[in-house]
Amino acid sequence: MRSPSSDRATTRGLPTLAGALALGLVVALAPALTTGAAPEAAAQGSSDQGSSAQGSPAQGSSDQGASANGSSNAPDRTAFYTPPAELPADPGTVIRSEPMTITPSVPDLVAGGALPADAQRIMYRSTGAAGGPVAVTGTYLQPKSPWAGPGPRPLAVVTPGTQGQGDQCAPSKSMEVGLSTQTTPLSMAAGYSLIDAYAMLAEGFAVVVTDYEGLGTPGHHPYVNRDSQGRSALDAARAAVRLAGTDLAPDSPTVVSGYSQGGGAAAAAGEMQPEYAPDLNLVGIAAGAPPSDMLGTLDRVDGGVLTGAVGYAINGILQVHPELRAAFDRQLNDEGRRMLEVTSTQCVAETAFAYGLRRTNEFTVHGNSLADAARSEPEILRVLESYNLGAVAPTVPSLVLIGRNDDVVPHYTAVDLVRDWCAQGTTVELRTAELPALAPGLVIDHALPMLSEVSTNARYLMDRVHDRPAPNSCGTV
């Protein structure tokens with residue numbers, strides 16, 4: 001783990017506290033959910049790898065909720081989320097799409113009206129965590145107002161923050177109903193990815209929101225897996241520019257924006273684009289609170305509201321690396337194994353209520369933290385370090401946003417990421433939100449900078465579309 005560091009580039013603007021706090025609670029504790037998920041399809045190659053791991057609680061997440069007798073306010077879209085038996089050869093190929101209605105949600109109410117765009121649910125081909133072809137779903141938003149700028153309309157890829165691991169947590173499902181509810185098992189979530197999408201639409205971008213691998217579609221979502229989420233984002237952009245009936249072009253200027261898990265995905269997309277998707281006209285990224293150092297983030301969340309999210313990460317690792325089960329079995333006690341099983345079908349709100357404010361040493365055989373348990377297993381440590389960011393750098397201007405008092409992603413890890421990128425020649429702006437620590441461990445201090453800076457991030461990215469000089473913090477951090 002890197003040592004703490006400091007920076008000098010800061011922003012100051014505290015939002016209206018009551019409204020921001022209310023939205024922060026929504027963002028922190030009520031992401032995505034809906035109905036039971038689609039039955040598993042054999043075509044989902046990457047997600048099926050590792051399914052032979054004996055006794056793995058990571059198996060069968062896409063079946064979760066299938067036998068539930070409880071009610072839900074979300075329509076049954078099982079057929080759409082079931083991939084075809086054979087997937088297209090080319091990443092980014094659109095497999096299917098359909099019109100989609102997005103009902104008023106928290107962002108709609110704040111904006112004072114209906115969504116200023118026509119929505120489509122999409123499924124596209126991507127490359128999964130294990131390197132094989134997978135089907136990924138998402139949402140495309142076509143602005144109703146014509147593009148008034150030069151050239152083709154620009155595209156913004158929105159990479160969502162933590163949703164959970166159950167199939168009902170897919171952003172395209174939760175955004176459809178705004179606030180989705182389910183009774184058996186009890187589940188509730190808000191389509192909060194619309195917050196970032198609204199800001200991008202307001203600037204004139206078309207928007208595509210990826211669901212990521214394994215959310216809605218078969219197999220486990222490989223939570224915070226750098227390769228999987230970076231490819232999901234880049235292939236969402238490829239799919240959007242190929243989608244019929246839009247005003248995008250193959251060379252539409254493209255940006256990626258996300259926060260928290262989404263910040264890590266945006267950063268990964270920026271790092272991977274030159275090699276994985278050189279055909280995209282990527283012009284900038286905005287990575288908010290990116291988990292760039294996995295062990296540093298695990299140390300920070302331990303004992304907070306998001307303690308249980310470690311279950312998502314372990315389940316995803318075991319799906320892609322079933323050979324690590326013996327190592328995890330050496331470290332996890334019965335309660336730890338139960339935590340993996342429980343979280344494998346949850347959205348983040350349920351996980352927060354089930355495991356929030358607990359310490360990870362409750363889940364280990366030796367009573368040490370899960371971070372220290374990982375440090376004691378070289379193969380687990382190797383996989384976790386492969387999730388880290390900074391070994392390569394984006395070739396486009398990049399913004400990294402972090403709150404000074406972020407209680408999920410340590411401030412110093414974002415500073416170190418900026419230094420790594422700067423050392424490789426990237427023009428990077430580091431923006432530190434100087435917000436007071438209001439409730440350490442409750443995720444509010446993590447969520448508030450996203451709310452206070454979301455419009456600023458959208459303007460930063462539109463400036464990249466117009467090729468304006470990019471702010472540069474390199475040399476001052």
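More than 12 heavy-atom neighbours from other residues, nucleotides or ligands sit within 6.0 angstrom of CZ on Arg96.
Between the side chains of Ser344 and Asn315, no donor N or O sits under 3.5 Å from an acceptor N or O. Looking at Tyr223 and Thr162, their side chains do bring a donor and an acceptor atom within 3.5 Å of each other. For the residue pair Thr127/Tyr276, the side-chain donor-acceptor check at 3.5 Å is satisfied. Residues His446 and Ser260 bring a donor and an acceptor atom of their side chains to less than 3.5 Å of each other.
If you take OG1 on Thr246 and CD on Gln142, they are separated by 5.5 Å, rounding to the nearest 0.5 Å. Interatomic distance, Leu215 CG to Ser174 OG, rounded to the nearest 0.5 Å: 10.0 Å. Between Leu332 atom CG and Phe363 atom CZ the span is 9.5 Å, to the nearest 0.5 Å.
With contacts defined as side-chain heavy-atom distances shorter than 4.5 Å, the pair Val136/Asp235 does not qualify.
Note on Lys173 versus Glu176: no salt bridge recorded, every NZ/NE/NH1/NH2 to OD/OE distance being 4.0 Å or above.
Listed for the Gln273 side chain is a donor-acceptor partner under 3.5 Å among the backbone atoms of Leu280.
For the side chain to side chain donor-acceptor pair (under 3.5 Å) with Asp211, the lone residue among Ser172, Ser193, Ser232 that qualifies is Ser172.
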